[in-house]
Amino acid sequence: MSFLKNKKALILGIASNRSIAWGIAKSMFDNGAELAFTYQNEKLKSRVEDLAKECNSSITIECDVSSPESIIKSKEELIKNWDEFDILVHSLAFAPKEELEGDYVSKTTKNGFETAHNISSFSLLELCQVYKSMLKGENPSVISLSYLGAVRGMPNYNVMGVAKASLEANMRYIAYSLGKDNIRVNCISAGPIKTLAAAGISDFRKMLDYVEKNSPLKRNVTIKEVGDTASFLASDFSSGITGQTIYVDSGFNIIGMPALE
Ligand code: NAD
Ligand code: 0WE
C-alpha cells in the first residue's frame with residue numbers, strides 16, 4: 001500500500017528502535033511517505049542517522065524543544081531540504097525522574113511541574129508556531145502522543161498526567177486555531193509500551209501485565225499498531241478528523257472493573 005505517497009513527514013522523538021516515533025516512522029515509510037528526523041542532542045545523533053538510513057532518509061536535524069533557538073534552527077535546516085511538508089509527529093515528553101514516583105501532593109515541585117509542561121505540552125504549540133508556514137500539503141496533519149493518565153488518576157504518573165491533560169487540551173485549541181488553514185491536529189493515547197521512557201519506571205512490568213489481563217483484547221499494543229494509526233491520521237483517509245484523542249490501548253480505557261477470574 002502507498003496511501004502516503006507524495007507526503008513528507010517530520011518525525012520528532014526517536015531515541016531508539018523501541019521508540020514509538022520509530023514505529024510511526026516505519027509505518028509511514030512502509031506506506032510511501034518521505035521522512036525527515038530530529039534528534040534531541042549529540043548523544044542521539046548517530047542512532048537517529050542509522051534509523052533514518054533504514055527509511056532511505058539522510059535528513060537528520062538537531063532539535064531540543066527546551067530551547068526556542070534550537071526549534072528555529074531546526075526549521076532553517078529543514079527548509080534547506082524541503083520547501084514544505086505534510087506531517088509533523090510530536091512524540092516526546094519529559095519530567096524529572098523523581099517526580100514519577102511516590103505521592104503526588106508530597107513530591108511534586110514547581111520546577112518539575114514547569115519542566116513537564118514545557119517539554120511535554122508547550123513544545124507542541126511552539127513547533128506548530130514555527131512550522132505552520134511550511135505545513136502546506138493537501139491535507140496537513142499534526143500528531144502527538146498521550147497517555148490515559150491525562151484523564152484518569154494513576155499511581156506514579158503524577159505530574160506527567162497533568163502535563164498530558166494540558167497536551168490534550170493544547171491539541172484541541174491548536175486544532176481549533178489551525179482548522180482554517182486546513183491543518184488537522186490529533187493525539188494518539190497509547191497503552192504502556194516498553195521504551196526508553198519506560199525504562200526504570202518502577203512497576204512498569206506490573207502495568208503491562210495488568211493490561212494483558214484486563215484489557216478487552218487481553219494483550220499489550222505494539223509500536224507498529226501505534227504507527228499504523230498515526231499513518232491513518234496522517235493520510236487523506238482521515239481528512240474529516242481533527243481535535244481528537246484516539247486510543248490505541250487494546251481497549252483498556254473503556255473497562256469498568258478488572259477481570260474477575
Ligand atoms: P522514548 O524515550 O523512546 O521517546 C521519548 C523522546 O522524547 C526521546 O526521543 C527524547 O529524545 C525526546 N525528548 C525528551 N526531551 C526532549 C527535548 N527537550 N527535546 C527534544 N526531544 C526530547 O519513549 P516513547 O515511549 O517512545 O515516548 C514517546 C511519546 O509517547 C511520549 O510523549 C510519551 O509520553 C508517549 N507515550 C508513551 C507510552 C509508553 O508507555 N511508552 C505510552 C503512551 C504515550
Ligand atoms: O509518558 C510516559 C513516560 C514519559 C516520561 C518518562 C521519563 C523517564 C525518564 C517522562 N519523563 C521521564 N523522565 C525521566 O527521567 N509514559 C506513558 C510511560 C510511563 O511512564 C510512567 C508510567 C507510564 C505508563 C511513569 C509512572 C507510571 C506509569
Side-chain angles (χ1 to χ4, degrees), residues 10-25 37-45 47-48 51 60-71 74 89-102 104 107 112 115-124 126-127 143-168 170-171 187-211 220-223 225-227 229-230 245-250 252-253:
L10 176 65
I11 313 281
L12 295 90
I14 292 187
S16 78
N17 62 358
R18 294 185 152 201
S19 292
I20 292 174
W22 174 241
I24 293 173
F37 298 85
T38 72
Y39 52 90
Q40 183 187 351
N41 52 42
E42 205 62 31
K43 223 184 83 196
L44 294 172
K45 179 177 182 179
R47 238 188 275 172
V48 171
L51 291 168
T60 57
I61 299 165
E62 183 166 313
C63 182
D64 179 341
V65 300
S66 69
S67 150
E69 299 75 37
S70 175
I71 297 179
S74 74
V89 176
H90 174 276
S91 182
L92 47 94
F94 181 79
K97 190 159 173 46
E98 324 79 72
E99 309 259 338
L100 298 177
E101 57 194 17
Y104 178 67
K107 293 200 62 183
T115 301
H117 283 73
N118 273 329
I119 305 301
S120 315
S121 177
F122 183 73
S123 64
L124 178 69
E126 201 169 0
L127 287 163
I143 299 158
S144 184
L145 271 296
S146 191
Y147 179 61
L148 186 59
V151 295
R152 303 284 171 77
M154 294 270 194
N156 301 323
Y157 198 59
N158 295 358
V159 76
M160 266 311 304
V162 186
K164 288 299 193 191
S166 164
L167 173 72
E168 291 183 11
N170 196 10
M171 172 277 291
C187 282
I188 294 173
S189 184
I193 300 176
K194 195 151 177 17
T195 61
L196 283 180
I201 302 292
S202 50
D203 294 335
F204 198 78
R205 184 71 247 172
K206 280 189 193 158
M207 288 184 259
L208 291 172
D209 291 345
Y210 191 85
V211 169
N220 284 285
V221 296
T222 63
I223 60 170
E225 290 177 306
V226 177
T229 297
T245 297
I246 305 216
Y247 286 82
V248 180
D249 68 343
S250 304
F252 183 81
N253 74 93

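Just so you know, ligand 1 is whichever comes first in the structure, and atom 1 is the first atom listed for that ligand.
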Any nitrogen or oxygen of Phe204, side chain or backbone, less than 3.5 Å from one on ligand 1?
no
What residue and atom, counting heavy atoms only, is the protein's closest point to atom 3 (O) of ligand 1, and at what distance?
Ser19 OG, 2.5 Å
Mind checking whether Ala198 has a heavy atom under 4.0 Å from ligand 2?
no
Test of understanding: given a 4.0 Å heavy-atom threshold, classify the contact between Tyr147 and ligand 2 as side chain, backbone, both, or neither.
side chain
Residue-level breakdown please: for Met207 versus ligand 2, do any non-hydrogen atoms fall below 4.0 Å on the side chain, on the backbone, on both, or on neither?
side chain
Report yes or no: does Ser91 have a heavy atom closer than 4.0 Å to ligand 1?
yes
Ile20 neighbourhood, listing ligand 1 atoms whose heavy-atom distance to it stays under 4.0 Å
25 (O), 26 (O), 30 (O), 36 (N), 37 (C), 38 (C)
In this structure, does ligand 1 have an atom that sits under 4.0 Å from one of the heavy atoms of Ala198?
no
Heavy-atom proximity to atom 34 (O) of ligand 1, best of Gln40, Lys164, Lys194:
Lys164
Heavy atom of protein closer than 4.0 angstrom to atom 9 (C) of ligand 2:
no
For Lys97, atoms of ligand 2 separated by under 4.0 Å from a heavy atom:
15 (O)
Could you list the atoms of ligand 2 found under 4.0 angstrom from a heavy atom of Pro155?
27 (C)
Heavy atom of the protein closest to atom 2 (O) of ligand 1 (residue, atom name, distance):
Ala197 N, 3.1 Å
Does the N or O separation between Tyr157 and ligand 2 drop below 3.5 Å for any pair?
yes
Using the ring pair (Phe, Tyr, Trp, His ring centres under 6.0 Å) criterion, which residues pair with Tyr39? Sequence neighbours excluded.
none
Heavy-atom nearest neighbour in the protein, as seen from atom 24 (P) of ligand 1, with distance rounded to 0.1 Å
Thr195 OG1, 3.4 Å
